[in-house]
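Quick notes on the structure that follows.
Side chains are part of it too, since the values below use all heavy atoms of this structure and drop only hydrogens, waters and symmetry mates.
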Amino acid sequence: MPQAAVVIVGAGASGLSAAAALQRRGIDPVVLEQDSALGGTWARRYDGLHLHTVRAHSGLAHYPIPSGESKYLSRDEYVAYLNDYARHFSLRIVANYAVRRVRMERGTPIAWQICGVGEHWRALAVILATGQYRVPCVPALPGLESYTGTFTHSVNYRNASTYVAKRVLVVGAGNSGAEIATHLAEQGAAFVAVSIRTPPPIVPRDPFGSPVQRTSMLLSLLPPRLADHIGKMTSRLLLGDLSRYGLPNADWRPYSSRRVPVIDVGFVNALKRGLLQIRPALVRLTPTQAVYADGRAEPFDAVIAATGFTTGLDSLLETTQALDDLCEPTDPAGEPTACPGLFFIGFTHSLRGHLFEANRASRKLAANVARYLRHASPS
């Protein structure tokens, strides 16, 4: 059984940042990655994907994104940065290693087994960096089994080419749903509708010429209700009253709920031009139609479920002691948990940007892991 002082599960942005931060403290972790190449999860996302966070606040610990890159990096540009980052630090990455189970060994000292299909790793500390978007949430829609059109989750969407001249329903209006619907409408789909159960707040990406990420960093310092009010007024001023175009008022507020709003990169313009239609919650499917909560039905050739993801941590961890009811970590990123030697990074819901938080949390995590190892390692 191979061993390491620290094993990191997941070589995405958070896992790589954690590895580099640990290395700076003299700890050489092993990073286990299920894909054959770095950035596989990013590379599989849809072709038009760009970061919603600016280059200056999207770099990882101790190695920023080079200044010559785009303001908002494309999917492929960010994949290239992740590979460059791993090379820069000469990180120890074991590719093609799909972790099936993580379990604690009780003893002195406590250790962790990280179990794959073949050999298992053993470590004094394990860091889970598998991310918020590991397992797609596919709705159990009545009638799905008899639907004769194409049904897929947004994780499998690549581009609009297979949907040209087709009627497409996008279910869900988070950031992925809004962007996919916009791509479809602008690139040849015959008709595009977005089914919305819970209307989200929508914010411009660059209000008054400044990135909304920077605005959010400032608003995060204010009381949540005040921050929500300022954000709402700014969006109303710049985007207008979207209820005129069929989009109901938002059911939640970003700062009070600590949920990321839809960042507009063309959705609002497409809505105002009539390229997109808003529909109520989808409740069931027939062989050819979508049936909404208000009883209406429409025919569609394809349905794309942009219905989010879960962490899947409950199936990965043998103990759920450190997880909440949503199977997310109960403790902040990088902090010790109720299970000695177990740490998390990359699960923070933040209005300041996931990558910005990963950079900060990895430095804190490195300090906490180093402190833990000093006490856990046998003398």
Given the rule in the side chain to side chain contact (heavy atoms under 4.5 Å, CB included) test, do His52 and Val260 qualify, once you have shown the distances and angles that lead to the verdict? CA-CA 11 Å; His52 289 149; Val260 178; over 6 Å; no
Donor-acceptor check, side chain of Arg363 to backbone of Ala358, threshold 3.5 angstrom: yes or no? no
For residues Glu328 and His349, is any side-chain donor paired with an opposing acceptor at under 3.5 Å? yes
Main-chain N/O of Arg45 paired to Arg75 side chain as donor or acceptor, under 3.5 Å: yes
Six-ring centre of Tyr46, Arg158 cation under 6.0 angstrom, axis tolerance 45°: no
Could you tell me if Tyr163 and Asp301 have a donor-acceptor pair between their side chains, going purely by distance under 3.5 Å? no
Do the side chain of Ser58 and the main chain of Thr53 share a donor and acceptor less than 3.5 angstrom apart? yes
Between His153 and Phe309 (judged by ring centroids, cut-off 6.0 Å), do the two rings come close enough to count as a pair? yes
Donor-acceptor pair, His62 side chain versus Leu60 backbone, under 3.5 Å? no
Are the aromatic ring centres of His50 and Tyr72 under 6.0 angstrom apart? no
Will you find, in the side chains of Thr41 and Tyr133, an N or O donor that is under 3.5 Å from an N or O acceptor? no
For the side chain of Thr319 and the backbone of Gln321, is there at least one donor-acceptor N/O pair under 3.5 Å apart? yes
Applying side-chain hydrogen bond (donor to acceptor under 3.5 Å, both in side chains), can you list everything that pairs with Thr311, at least two apart in sequence or on another chain? none
Just by distance, with hydrogens left out, do Ser161 and Asn159 show a side-chain donor and acceptor under 3.5 Å apart? yes
Could you tell me whether a side-chain N or O of Asp206 sits under 3.5 Å from a main-chain N or O of Gly209, the two making a donor and an acceptor? no
Is it possible for you to check whether Arg273 lies under 6.0 Å from the centre of the six-membered ring of Tyr245, through NZ or CZ, and within 45° of that ring's axis? no
Report yes or no: does Tyr147 contribute a side-chain atom to a donor-acceptor pair with the main-chain N or O of Ala290 at less than 3.5 Å? no
Quick one: does any side-chain atom of Gln113 pair with a main-chain N or O of Met104 as donor and acceptor, under 3.5 Å? no
Can you check whether Asn359's main-chain N or O pairs, donor with acceptor, with Ser362's side chain at less than 3.5 Å? yes
Is it the case that Arg103 places NZ or CZ above or below the six-membered ring of Trp112, under 6.0 angstrom from the centre and within 45 degrees of the axis? no
Verdict with supporting geometry, Gln213 and Phe356, side chain to side chain contact (heavy atoms under 4.5 Å, CB included): CA-CA 10 Å; Gln213 182 187 18; Phe356 174 82; 3.9 Å; yes
Is it true that Asp331 and Thr337 share a donor-acceptor pair across their side chains at a distance under 3.5 Å? no
Ignoring hydrogens and angles, tell me if any N or O in the side chain of Ser195 forms a donor-acceptor pair with the backbone of Leu282 under 3.5 Å. yes
